[in-house]
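Excluded from the calculations below are hydrogen atoms, water molecules and symmetry mates; all remaining heavy atoms, backbone and side chain alike, are included. In this chain, residues are counted from 1 in sequence order.
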Amino acid sequence: MPNVKLQNYLHLHFIIFVWGFTAILGELISIDALPLVWYRMLLASGFIYLYICVKKTSLRITRRLFFTLSFAGVVIALHWITFFAAIKASNVSITLAMLSTGAFFTSILEPIIYKRKLIWYEVLFGILVITGLYIIFNVETEYAAGIVYALCSAFLASVFAIINGKMVQQHNPSMISFYELVSGVGVITIYLFGITIFGAENEGFAISFFQVSVSDWMYLLLLASFCTAYAFIGSVHVMKYLSPYTVMLTVNLEPVYGIVLAFLIFGEQEKMSPQFYYGACIILGTVLLNGIFKNAKKRKRPPTLHNITK
């Protein structure tokens with residue numbers, strides 16, 4: 001079991017590196033966040049369906065599970081929309097730095113979901129995270145909209161991790177991924193149809209919506225296949241062996257990978273003020289300390305079913 005957990009932990013790190021590259025693609029793709037996510041989820045659903053056909057995975061589920069997966073699909077769709085909206089409104093560095101608050105949101109949500117008391121150091125670390133955010137807000141005021149979008153994205157990511165953390169213990173990862181992506185793209189499609197019918201001209205499914213450049217198609221295919229279908233199934237699979245908090249904590253390396261990649265690819269465009277890096281370091285450092293405290297406390301507890309599954 002330790003070797004299995006180690007393999008899945010290393011796999012998770014590779015997936016997080018891929019997610020860091022996702023932010024780069026979000027910057028390179030010229031279309032807006034909503035159509036970008038629609039194309040991403042639609043294409044990824046097709047790739048995952050082909051994978052399911054090859055593996056002959058059953059898609060039979062209960063009505064209750066269908067509604068749960070549909071809700072998770074809407075959450076991940078909103079997460080991606082706000083994520084790419086943040087990149088468009090600011091840049092990769094700002095967006096990924098804000099995403100590191102996801103573990104903080106998870107530490108607040110887990111006591112509510114799992115009905116446990118809030119721990120004192122979680123409150124203290126929460127104050128430190130807010131301090132880091134305050135520093136970034138003060139010096140990067142021109143990116144305020146992007147920061148808000150990214151914080152919303154981080155919160156939605158933590159909600160999604162907790163929902164999936166419960167389901168992957170009993171269900172096939174590719175089946176879960178397929179229904180979540182189909183549900184997400186389905187809800188976006190209904191929304192876009194509504195805008196097309198009742199909105200202004202050139203909104204929703206207008207002709208311009210389907211006018212995608214060749215370079216954007218190449219980036220979208222890479223985003224949908226490798227960065228979504230593969231990474232999505234892989235991330236759901238590792239949740240069978242790692243807790244939602246461990247996953248969310250490790251995901252906080254995404255800003256490190258992504259910011260380094262962004263600086264190498266985009267250069268000075270991604271260079272931020274020193275205060276930004278101070279605030280980002282406070283947030284990342286706080287999240288890492290939170291993980292250290294939790295692991296230390298877990299070692300002191302007697303073994304229980306809940307702890308073993310983590």
| request: Assign the ring pair Phe14 / Phe17 to parallel, tilted or perpendicular, where the plane angle (0 to 90°) is split at 30° and 60°. | output: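 Correct class here is parallel.
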| How far apart are the closest heavy atoms of Ala224 and Leu43, and which atoms are they? | CB-CB, 3.4 Å
| If you look at every heavy atom in Phe83 and Ala23, which pair is closest and at what distance? |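 Of all heavy-atom pairs spanning Phe83 and Ala23, the closest is CZ-CB, 3.8 Å.
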Would you check if [X] and [Y] make a side-chain contact, meaning some heavy-atom pair closer than 4.5 Å?
X: Ile31; Y: Tyr219; value: no
X: Phe21; Y: Tyr257; value: no
X: Ile94; Y: Asn91; value: yes
X: Leu109; Y: Phe155; value: yes
X: Thr95; Y: Ser90; value: yes
X: Ser153; Y: Leu99; value: yes
X: Phe209; Y: Thr196; value: no
X: Tyr39; Y: Asp216; value: no

Kindly compute the distance separating [atom1] ([X]) from [atom2] ([Y]), expressed to the nearest 0.5 Å.
X: Thr228; Y: Leu222; atom1: OG1; atom2: CG; answer: 9.0 Å
X: Ser183; Y: Ile188; atom1: OG; atom2: CD1; answer: 11.0 Å
X: Ile24; Y: Ile29; atom1: CD1; atom2: CD1; answer: 11.5 Å
X: Leu181; Y: Trp80; atom1: CG; atom2: CH2; answer: 5.0 Å
X: Ile176; Y: Leu65; atom1: CD1; atom2: CG; answer: 7.0 Å
X: Met98; Y: Ile136; atom1: CE; atom2: CD1; answer: 3.5 Å

Take atom [atom1] in [X]; do more than 12 heavy atoms of anything else shown fall under 6.0 Å from it?
X: Phe198; atom1: CZ; value: no
X: Ile207; atom1: CD1; value: no
X: Phe178; atom1: CZ; value: yes

| field | Stepwise side chain to side chain contact (heavy atoms under 4.5 Å, CB included) check, Ile76 with Asn164 | value | CA-CA 11 Å; Ile76 195 63; Asn164 265 16; over 6 Å; no
| Mind checking what makes side chain to side chain contact (heavy atoms under 4.5 Å, CB included) contact with Val238, not counting sequence neighbours? | Asn8, His11, Leu12, Leu242
| Quick one: side chain to side chain contact (heavy atoms under 4.5 Å, CB included) partners of Ser58, sequence neighbours excluded? |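 Checked Ser58 against side chain to side chain contact (heavy atoms under 4.5 Å, CB included); matches are Arg60.
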| message | Side-chain heavy atoms nearer than 4.5 Å, only ILVMFWY residues, links allowed to pass through others: does that put Leu59 and Leu69 together? | response | yes
| field | Pair Glu27-Ile265, side chain to side chain contact (heavy atoms under 4.5 Å, CB included): steps then yes or no | value | CA-CA 11 Å; Glu27 182 74 29; Ile265 294 172; over 6 Å; no
| message | Ignoring hydrogens and geometry beyond distance, is a side-chain donor-acceptor pair present between Ser174 and Asn172 at under 3.5 Å? | response | yes
| query | Is a donor on one side and an acceptor on the other found under 3.5 Å between the side chain of Tyr9 and the backbone of Tyr241? | reply | no
| message | Between Trp38 and Phe205, is the ring centroid distance below 6.0 Å? | response | yes
| query | Can you list the other members of the hydrophobic cluster that holds Val54, where links are side-chain heavy atoms under 4.5 angstrom apart? | reply |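 Members alongside Val54: none; it stands by itself.
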| side chain to side chain contact (heavy atoms under 4.5 Å, CB included) between Thr22 and Arg40: does it pass, once the steps are laid out? | CA-CA 11 Å; Thr22 297; Arg40 178 187 190 181; 3.8 Å; yes
| task | Any chance you could lay out the side chain to side chain contact (heavy atoms under 4.5 Å, CB included) test for Phe160 and His79, step after step, and finish with the verdict? | result | CA-CA 9 Å; Phe160 178 73; His79 160 64; over 6 Å; no
